[in-house]
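Each chain gets a letter, A, B and so on, in the order its sequence line appears, and its residues count up from 1.
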Amino acid sequence: MDDDMVFDPSLKKKKKKKTGFDMDAALAEQGESASMEAPVETGDVDVPEDDNLDLDNFGKKKKKKKKTFFNLEEIENALPETPPIEEPEPQEVEDIDDLDLDIDFSKTKKKKKKKNNLDEHVVEDDVKGEDQENVEDMHGDWVGSDRDYTYDELLERVFDIMREKNPSMVAGKKQKFIMRPPQVVRIGTKKTSFANFTEICKTLHRQPKHLLDFLLAELGTSGSVDGNSQLIIKGRFQQKQIENVLRRYIKEYVTCHTCRSPDTILQKDTRLFFLQCETCGSRCSVASIKSGFQAVTGKRAAIRAKTA
Amino acid sequence: MSIQNLNTFDPFADAIKSSEDDVQDGLVHVRIQQRSGRKTLTTVQGLSSEYDLKKIVRACKKEFACNGTVVEHPEYGEVLQLQGDQRENICQWLTKSGLVKPDQLKVHGF
């Protein structure tokens with residue numbers, strides 16, 4: 001489908017040029033073509049396909065005429081020569097046609113038209129390929145015709161153009177956000193160390209305090225950053241669990257909610273945190289970090305002793 | 001062809017709807033808390049006060065084979081407590097019983 005779009009402009013151009021050219025052709029031998037058409041084209045393999053195309057593209061009709069015209073000349077020039085040329089290469093009839101046309105035009109007309117013709121043939125090939133695949137109406141169809149274009153065609157066209165203009169979008173459709181995995185080590189039996197905590201904060205462009213708040217609130221524990229810039233969390237946690245929490249943090253506070261780009265800034269504005277995206281410019285508020293309800297897990301007697 | 005801008009739109013439609021069907025509004029936070037050793041505690045905060053939490057906890061205790069209570073909190077209202085890591089269980093149970101929609105559930109913790 002991509003290729004077709006690439007050829008689309010040429011299709012348009014071709015039509016314009018062709019009409020001009022065809023007039024010449026038509027003028028050149030109006031009378032001759034009608035009678036000679038049938039016998040000559042039986043030699044060409046692509047006759048039936050041409051017929052099919054005629055129904056869709058009126059541009060093709062003209063082409064046919066042109067072909068007939070060339071054939072006529074050829075017959076005039078060298079009738080015995082053509083069959084031997086075509087026979088040895090039965091697989092690529094189209095190519096042969098091209099060649100014939102080239103020869104023909106070099107004989108008769110300017111080189112410009114030869115180029116035109118080549119373009120046309122490429123386009124024709126494409127269209128034919130689609131026909132054979134039974135793809136629904138090709139999007140170039142409505143370019144010259146009167147019929148209304150459908151939404152799908154337009155949509156496809158737009159996407160094809162987009163893909164063509166910036167191929168980076170196609171390659172990295174989902175931009176990957178790569179970061180180091182957290183290094184989580186157990187300290188003793190009750191504590192966990194998150195060794196590259198500050199490093200991860202830097203890669204995420206977030207304040208360590210903010211990430212710390214989030215981690216502690218989510219894990220429901222307490223902890224602090226020690227001298228070696230590693231985070232010590234109370235409780236036993238595995239790397240996988242920390243990863244999960246980090247993933248949730250990134251989803252909520254790092255990636256843009258609109259375009260999912262990680263290129264964002266977290267700002268505090270009147271007691272609320274706002275996430276400003278550097279890529280798409282969107283700005284939205286994010287949920288505040290709340291640890292929520294904390295059940296009493298320690299010794300109740302100790303708490304009572306403290307408060308009393 | 002109808003013009004969308006001219007259609008009347010009831011801004012309170014959502015509010016009325018949510019109060020009408022018996023699924024509660026607001027997020028339900030499911031959290032986990034570590035206790036001594038390998039023991040954990042699951043808390044469910046934000047269930048609508050229209051529900052009888054005592055009945056819910058009774059059903060949950062039986063279903064998950066764990067103990068549990070309802071705790072009254074001045075800020076968060078009634079909070080459900082279950083022993084052990086019942087986050088998966090409680091989420092499934094709440095959605096299956098139709099008390100909470102899946103998108104209202106928010107699971108915290110690791």
Side-chain angles (χ1 to χ4, degrees), chain A residues 148 151 181-182 184 186-194 211 213-223 231-253 257 285-303 307, chain B residues 1 24-49 51 53 56-57 60-61 64 66-88 90-91 94 100 102-110:
Chain A
D148 278 344
Y151 175 76
V184 177
R186 250 282 269 292
I187 303 177
T189 50
K190 283 186 177 175
K191 282 190 223 161
T192 311
S193 151
F194 183 172
L211 181 55
D213 282 348
F214 181 82
L215 277 177
L216 295 185
E218 279 293 296
L219 297 172
T221 54
S222 56
L231 175 65
I232 310 289
I233 318 166
K234 216 179 131 202
R236 284 186 236 177
F237 299 100
Q238 276 148 15
Q239 184 180 330
K240 220 168 137 196
Q241 297 170 325
I242 300 287
E243 260 173 42
N244 271 338
V245 180
L246 267 180
R247 207 163 283 144
R248 229 177 295 151
Y249 178 83
I250 289 164
K251 199 184 159 204
E252 177 71 31
Y253 297 100
H257 292 214
S285 64
V286 288
S288 58
I289 298 167
K290 269 191 220 154
S291 57
F293 172 75
Q294 291 297 316
V296 181
T297 49
K299 290 253 161 62
R300 284 170 201 269
I303 298 163
T307 51
Chain B
M1 201 174 95
Q24 59 126 45
D25 53 334
L27 283 173
V28 175
H29 298 273
V30 178
R31 291 196 176 81
I32 190 158
Q33 234 178 309
Q34 289 207 332
R35 286 174 58 216
S36 56
R38 281 171 56 86
K39 289 173 185 173
T40 49
L41 196 69
T42 309
T43 62
V44 183
Q45 172 206 318
L47 281 172
S48 169
S49 55
Y51 298 148
L53 288 214
I56 292 175
V57 93
C60 287
K61 280 160 76 169
F64 314 145
C66 68
N67 205 353
T69 51
V70 180
V71 178
E72 186 70 39
H73 192 274
E75 193 186 335
Y76 303 117
E78 285 182 315
V79 180
L80 218 139
Q81 273 187 29
L82 294 166
Q83 284 182 5
D85 185 359
Q86 312 289 350
R87 288 176 299 165
E88 285 275 297
I90 194 79
C91 288
L94 284 174
V100 181
D103 53 337
Q104 286 176 319
L105 274 172
K106 191 149 195 211
V107 184
H108 298 264
F110 34 82

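Contacts between B:Leu41 and chain A at a heavy-atom distance below 4.5 Å involve the side chain alone, from C-beta outward. In this structure, chain A has no heavy atom under 4.5 Å from any part of B:His29. For a residue to count as touching a neighbouring chain, one of its non-hydrogen atoms must lie under 4.5 Å from one of that chain's; by this rule B:Val44 does not touch chain A.
Each of B:Arg38, B:Gln33, B:Lys39, B:Gln45 has some count of heavy-atom pairs under 4.5 Å with chain A, and the biggest count is that of B:Gln33. Interface check for chain B: of the options A:Leu219, A:Asn244, A:Ile242, the most heavy-atom pairs under 4.5 Å are formed by A:Leu219.
For CD of B:Glu88, the number of neighbouring non-hydrogen atoms (other residues, nucleotides, ligands) closer than 6.0 Å is 12 at most. Around atom CD of A:Glu252, more than 12 heavy atoms belonging to other residues, nucleotides or ligands sit under 6.0 Å away. Atom NZ of B:Lys61 is surrounded by more than 12 heavy atoms from other residues, nucleotides or ligands within 6.0 Å.
At least one donor-acceptor pair under 3.5 Å links the side chain of B:Gln34 to the backbone N or O of A:Arg236.
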